[in-house]
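Take a look at the structure below.
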Amino acid sequence: MPADDEIVDFDAEQITWQKPTGFAHGPSAHPEWAAAIWSGARAALLSQRHREHGTYA
C-alpha cells in the first residue's frame with residue numbers, strides 16, 4: 001500500500017483503504033459561468049408576461 005493512502009476500515013479478513021486524489025479541474029473550467037446562465041434564465045422566466053391574463057409572474 002502506498003504511503004499516502006488511508007485505511008478506512010479493517011477486520012481479520014479484509015482491509016478497506018482509499019487513495020486521496022483531491023479535487024482538480026481543468027484551467028478552462030468556470031463554474032461561475034453556469035451560475036450566471038442559470039440565474040439569467042430564472043430571471044427571464046420570472047419576468048415573463050402571461051398573455052391570457054396580462055399579468056406577470
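The model shown is predicted, which means the values in this text are computed figures rather than measured ones. Numbering starts at 1 and runs along the sequence shown.
Here W33 pairs with H30 under the ring-ring contact (aromatic ring centres under 6.0 Å, His included) rule; sequence neighbours left out. Contacts of S39 classified as side-chain contact (heavy atoms from CB on, under 4.5 Å), with partners at least two apart in sequence or in another chain: none.
To the nearest 0.5 Å, atoms CD (E6) and OG1 (T16) are separated by 12.0 Å.
At a threshold of 4.5 Å between non-hydrogen side-chain atoms, the residues D11 and Q14 count as touching.
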